[in-house]
Amino acid sequence: MKALFNYIKEVLGGFYTLLQGLGVTGKYLFTPWNYVTQSYPENREKLQMFERFRGEVIMPHNENNEHKCTGCGLCELACPNGSIEIISKSILTEDGKKKRIIDKHIYHLGMCTLCNLCVRACPSDAIIMGQKYEHAVYNRSNLTKVLNKPGSKIMEGIKE
Amino acid sequence: MAEYREIIFNSDKIQTDDYFVNIGPQHPSTHGALRIVAKLEGEIVQSIDPVIGYIHSGIEKMCESLSYPQLIHLTDRMDYLSAHMNNEAVCLCIENALQVEVPERVKYIRTIMDELTRIASHQLWWCATGMDMGAMTTFFYGLRDREPILDIFEETCGARMTFNYNVPGGLMFDIHPNFQKRVKDFIRYFRKKLPEYDTLLSGNVIFKERTKGLGVLSKEEAIAWGVTGPSGRASGYSCDVRKLHPYSAYPYVKFEEKLATDGDTFWRYQLRIEEMWESMKIIEQLIDNIPEGDFAVKMKGVIKLPEGEFYQRVESARGEFGVFIVSDGKKNPYRLKFRSPGFSNLFVLNELVKGVKIADLVAIMATLDLVIPDIDR
Ligand code: SF4
Ligand code: SF4
């Protein structure tokens, strides 16, 4: 008799645990303010990344198309996988001296692991991490970018 | 594996009721590109043979050509669910070799980050375990609770999984001003949500019946195979590196090393749930007492380790993670070896699955908590 009683108790107890689980899911089903899913491409406008979010390496330019990069190449050295290539050129300054400046700051987004080491290495804070998070392109070559804009020059007062 | 090949080539040895099933490499319940060759008799598993290496990326070899600060970011990509502990292990190893003392603030922040990572990892493991056993609900509930932690990481470290937040000598940035508030909010939130996990899965009669007494690992076997982490502790093997060889801020906090004696699938499950409670306790003890100070000490531009061999172990979410650096005094290591917990935990699987049904093989594998890049690296 006792065995039978225990058996029935176990079966009912088992059902009870199942109902408890269903209770939890049921609670969330009928309380829409607890929904956590977002409809992603639709909420693009509102989606804000955190300020430290590492999306890609960018080089900010001011309104006169000037940047802070001196072409020193430290970021190229710091990068663990060769995502950055610095091509520099030499020019003659007004007082007749030769000077090396940046020609092209080439950045391969496709190879970059977003490790932030280049940004840390840069002595003049010329490059920072951008917030863009959608990087899909139709052609792999579009992932190679030149960070300094055409015709841009170095800002006044950046020491080398 | 040898047996498997032999049978293929000597066809007279094939017995009609033995057959081999390939689980993986592309199978959702192997949690990555892992192939398991299971020898079955009917539905009963006789033995299994794990075949690894599908996503081997040569990280150890790659490290030999990188400088010390550069190679840290590769360890994110091994056990991506305990990325922070892996980073920390390399940094601690370098700091010990150079005999650099990091500020107290760094120790506290590193420990808090470790425990947050552990909670996040166990949450994802809980999602996947439930799903492996056919409970789709758990997947969404676990991911829902993991989201606040990833937000904390994203705000402070700038990334959600591959943080690269530790640098030799400290941290890459200071914590974000919102950090403490967010962590406290999360603890308050998760203390309410964790009992739901018990209601949904641990208390569920079907789950209990399926897991109790299944895949029993004895303490002797656990030690012999080097099974560490919650999987080893479920068998009563006290192997918590945080207790045995305390590092960072672990000496300052009070917490229990949870142990069980049964060593079955259910207890491997249960211990991870209990570890989440312990992790929350550790974070609560530290979060209000983060000392003021620098977030990194100034290191030389080029870091060169003295000649010699250095080893550092930490407790990752899956067990003991070790870094062994052999240095010849140059700016990159001569040889670097990682002791990853997943590798040892995988190879005990053959001992556990003899005589179980094939559906239970998946349940046992789930509670070993395998992360495949950690095994292949
Ligand atoms: S973020 Fe890292 S991988 Fe990317 S360019 Fe900078 S240093 Fe190289
Ligand atoms: S981005 Fe910075 S580190 Fe790189 S070349 Fe320019 S100034 Fe030097």
Side-chain angles (χ1 to χ4, degrees), chain A residues 7 9-29 31 34-38 47-57 72 74-84 111-123 128-133, chain B residues 62-63 65-67 69-74 76-77 87 130 135-138 140-141 143-148 150-165 167 172-176 178 193 195-209 296 301-302 332:
Chain A
Y7 180 71
K9 205 171 120 188
E10 224 170 76
V11 171
L12 291 181
F15 270 117
Y16 180 64
T17 62
L18 295 185
L19 286 177
Q20 271 185 320
L22 282 177
V24 173
T25 46
K27 193 182 96 197
Y28 286 108
L29 180 62
T31 51
N34 276 330
Y35 291 178
V36 287
T37 43
Q38 304 172 356
L47 214 56
Q48 260 285 322
M49 294 290 121
F50 291 107
E51 61 186 291
R52 286 183 188 173
F53 176 74
R54 308 207 284 257
E56 61 176 338
V57 178
C72 66
L74 285 179
C75 51
E76 187 180 11
L77 275 179
C79 181
N81 45 31
S83 305
I84 294 180
M111 277 154 65
C112 175
T113 54
L114 304 170
C115 66
N116 207 33
L117 290 177
C118 50
V119 177
R120 266 169 67 88
C122 180
I128 57 168
M129 280 287 175
Q131 315 265 295
K132 195 178 156 205
Y133 53 90
Chain B
M62 246 192 274
C63 288
S65 57
L66 294 178
S67 73
Q70 286 177 339
L71 64 85
I72 292 168
H73 86 290
L74 286 176
D76 286 339
R77 277 129 186 110
N87 286 177
M136 194 67 193
T137 316
T138 62
F140 296 103
Y141 283 52
L143 286 185
R144 171 199 67 188
D145 300 337
R146 189 166 168 257
E147 203 53 29
L150 295 191
D151 279 347
I152 295 172
F153 286 152
E154 197 179 335
E155 196 173 38
T156 288
C157 318
R160 295 165 73 84
M161 272 174 114
T162 49
F163 315 120
N164 195 23
Y165 184 51
V167 292
M172 192 169 261
F173 326 99
D174 203 357
I175 47 172
H176 195 273
N178 287 345
K193 296 291 178 187
E196 262 178 21
Y197 288 27
D198 288 334
T199 324
L200 280 174
L201 206 57
S202 339
N204 186 307
V205 64
I206 303 172
F207 178 79
K208 273 199 233 163
E209 291 291 318
V302 178
N332 39 4

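Only this structure's heavy atoms are used, side chains among them; waters, hydrogens and symmetry mates stay out. Chain letters run A, B, ... following the sequence lines, proteins first and then strands; every chain starts at 1.
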- Message: Suppose we screen for ring pair (Phe, Tyr, Trp, His ring centres under 6.0 Å). Which residues come up paired with Y28(A), at least two apart in sequence or across chains?
- Response: Y141(B)
- Interface moiety of V36(A) toward chain B, non-hydrogen atoms closer than 4.5 Å: side chain
- Task: For the pair T17(A) (side chain) and V205(B) (backbone), establish whether a donor and an acceptor sit closer than 3.5 Å, ignoring hydrogens and angles.
- Result: yes
- Nearest-0.5 Å distance, CG of residue N164(B) to OG1 of residue T113(A): 7.5 Å
- CZ/F50(A) to CG/D151(B) distance, rounded to the nearest 0.5 angstrom? 4.5 Å
- Would you say the side-chain atoms of R52(A) pair up with the backbone N or O of A159(B), donor to acceptor, closer than 3.5 Å? no
- Task: Might you confirm whether atom CZ of F15(A) has over 12 heavy atoms from other residues, nucleotides or ligands at distances under 6.0 Å?
- Result: no
- Query: Looking at side-chain heavy atoms only, is the closest gap between L114(A) and T162(B) below 4.5 Å?
  - Reply: no
- Item | Per-residue contact mode, R54(A) against chain B (heavy atom under 4.5 angstrom) | both
- Item | Under 4.5 Å from a heavy atom of chain B, the part of E51(A) involved | side chain
- Name the region of L77(A), side chain, backbone, both or neither, that has any atom closer than 4.5 Å to a heavy atom of chain B. backbone
- Message: Counting heavy-atom pairs under 4.5 Å with chain B, which one of A121(A), C79(A), G55(A) comes out on top?
- Response: C79(A)
- Has the side chain of Q70(B) got a donor or acceptor atom that lies under 3.5 Å from a matching backbone atom of A78(A)? yes
- Message: For Y35(A), I'd like to know if atom OH has over 12 heavy atoms of other residues, nucleotides or ligands within 6.0 Å.
- Response: yes
- Gap between atom CG of L200(B) and atom OG1 of T25(A) - 0.5 Å precision: 7.0 Å
- Message: How long is the straight-line distance from CG of L22(A) back to CG of N204(B), given to the nearest 0.5 Å?
- Response: 9.0 Å
- Any idea which heavy atoms bring N116(A) and F173(B) closest together, and the distance? ND2-CZ, 3.1 Å
